[in-house]
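Report on the structure given below.
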Amino acid sequence: MSTRFPQCLALAAVAATVACESSTEIESKLRFSGVLSGAKEKPTASTSTATGQASVEISSNGTLTYSVAWSGLTGSVTGAHIHGPADTSNTAGVLLDFSALPLTSTGQVMTTAATGAASGIVNVKPTAVITFTVSGDSLVKLLNAGLLYVNIHTAANAVGEIRGQFRKQ
């Protein structure tokens, strides 16, 4: 009986280690989402009844996976972007243009119809260049601070028809 007890302890330790590794892996992913509407557009709200959903997941391997879907726009999409830094009351410049992703990005898909979607994978490792002034590390910090938003532009709403602020999940 005394020889089985150490074996049981060893198995319990392995099981605990595996459980901890699994939960650490899940916690290492950062998730953000936003709900898009015309009422959230700034500096002036849009009267559009269009809606949208946006999500971003940042993995520990340094990739940002995004997905944005919209419906009911007044016309075709003329632009779709992540902007920042700005809180919910302000506007800011484009940091990530869904139709012209940084060179290290892959899998970009964007439809420009009134009902459509955009998705892709962007390198956000600390040294990755997102724009001339924003690195991958800076983009992640802005997301964590709640200072990035998505908006979709149309001809009828050139400054943006619907907008949603990213919030950590």
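Every value quoted in this text rests on a predicted model; they were computed, and no experiment measured them.
The distance from atom CD of Gln169 to atom OG of Ser33, rounded to the nearest 0.5 Å, is 3.0 Å. A distance of 9.5 Å separates CD in Glu41 from OG1 in Thr91, rounded to the nearest 0.5 Å. Interatomic distance, CD1 of Ile121 versus OG of Ser105, reported as 9.5 Å (0.5 Å rounding). In this structure, the separation between CG on Leu139 and OG1 on Thr131 is 8.5 Å, given to the nearest 0.5 Å.
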Open item on the list: Apply side-chain contact (heavy atoms from CB on, under 4.5 Å) to residues Asn157 and Thr78 and explain how you reach the verdict.
Closed with: CA-CA 9 Å; Asn157 293 280; Thr78 57; over 6 Å; no

- [ ] Go through the steps for Phe166 and Val56 under the test side-chain contact (heavy atoms from CB on, under 4.5 Å), then give the verdict.
- [x] CA-CA 8 Å; Phe166 281 111; Val56 164; 3.5 Å; yes

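For Ser48 against Ala50, the heavy-atom pair with the smallest separation is OG-N, 3.0 Å. Between Gly146 and Gln165, the closest heavy-atom pair is O-NE2, 3.0 Å. The shortest heavy-atom contact between Leu148 and Gly84 is CD2-CA, 3.7 Å.
Under a 3.5 Å cut-off, the side chain of Tyr149 and the backbone N or O of Ala92 do form a donor-acceptor pair. Ser59 contributes no side-chain N or O that, together with a main-chain N or O of Gly62, makes up a donor-acceptor pair within less than 3.5 Å. No donor-acceptor pair under 3.5 Å is formed between the side chain of Thr111 and the backbone N or O of Ala113. Lys40 places a side-chain N or O within donor-acceptor distance of the main-chain N or O of Val35, the cut-off being under 3.5 Å. Using modelled atom types, one side-chain atom of Asn61 and one backbone atom of Thr63 make a donor-acceptor pair closer than 3.5 Å. Between the Asp137 side chain and the Val140 main chain, no donor and acceptor come within less than 3.5 Å of each other. Side-chain atoms of His153 come within 3.5 Å of backbone atoms of Ala158 as a donor-acceptor pair (strictly under, hydrogens ignored).
In this structure the side chain of Ile130 reaches within 4.5 angstrom of the side chain of Val122, judged on heavy atoms. The shortest distance between side-chain heavy atoms of Ile58 and Leu143 falls below 4.5 Å. Within the 4.5 Å cutoff, side-chain heavy atoms of Ser71 are placed close to those of Thr51. Counting only heavy atoms from C-beta outward, the side chains of Val109 and Phe98 never approach each other to under 4.5 Å. Side-chain contact between Leu142 and Leu95 is present, with heavy atoms from C-beta onward closer than 4.5 Å. The shortest side-chain heavy-atom distance between Leu96 and Pro102 falls under the 4.5 Å cut-off. Side-chain contact check for Leu30 versus Lys168: some heavy-atom pair is nearer than 4.5 Å.
Under the 4.5 Å side-chain heavy-atom criterion for grouping Ile, Leu, Val, Met, Phe, Trp and Tyr, Leu147 is connected to Leu64 within one hydrophobic cluster. Note on Tyr66: it clusters hydrophobically with Met110, by side-chain heavy-atom contacts below 4.5 Å among ILVMFWY residues.
Each of Arg163, His83, Lys42, Glu161 was compared with Asn151 under the side-chain hydrogen bond (donor to acceptor under 3.5 Å, both in side chains) criterion, and only His83 meets it. Each of Thr74, Ile162, Thr112 was compared with Thr154 under the side-chain contact (heavy atoms from CB on, under 4.5 Å) criterion, and only Thr74 meets it.
Ion pair Glu57/Lys29 flagged as a salt bridge, since at least one NZ, NE, NH1 or NH2 atom sits closer than 4.0 Å to an Asp/Glu carboxylate oxygen.
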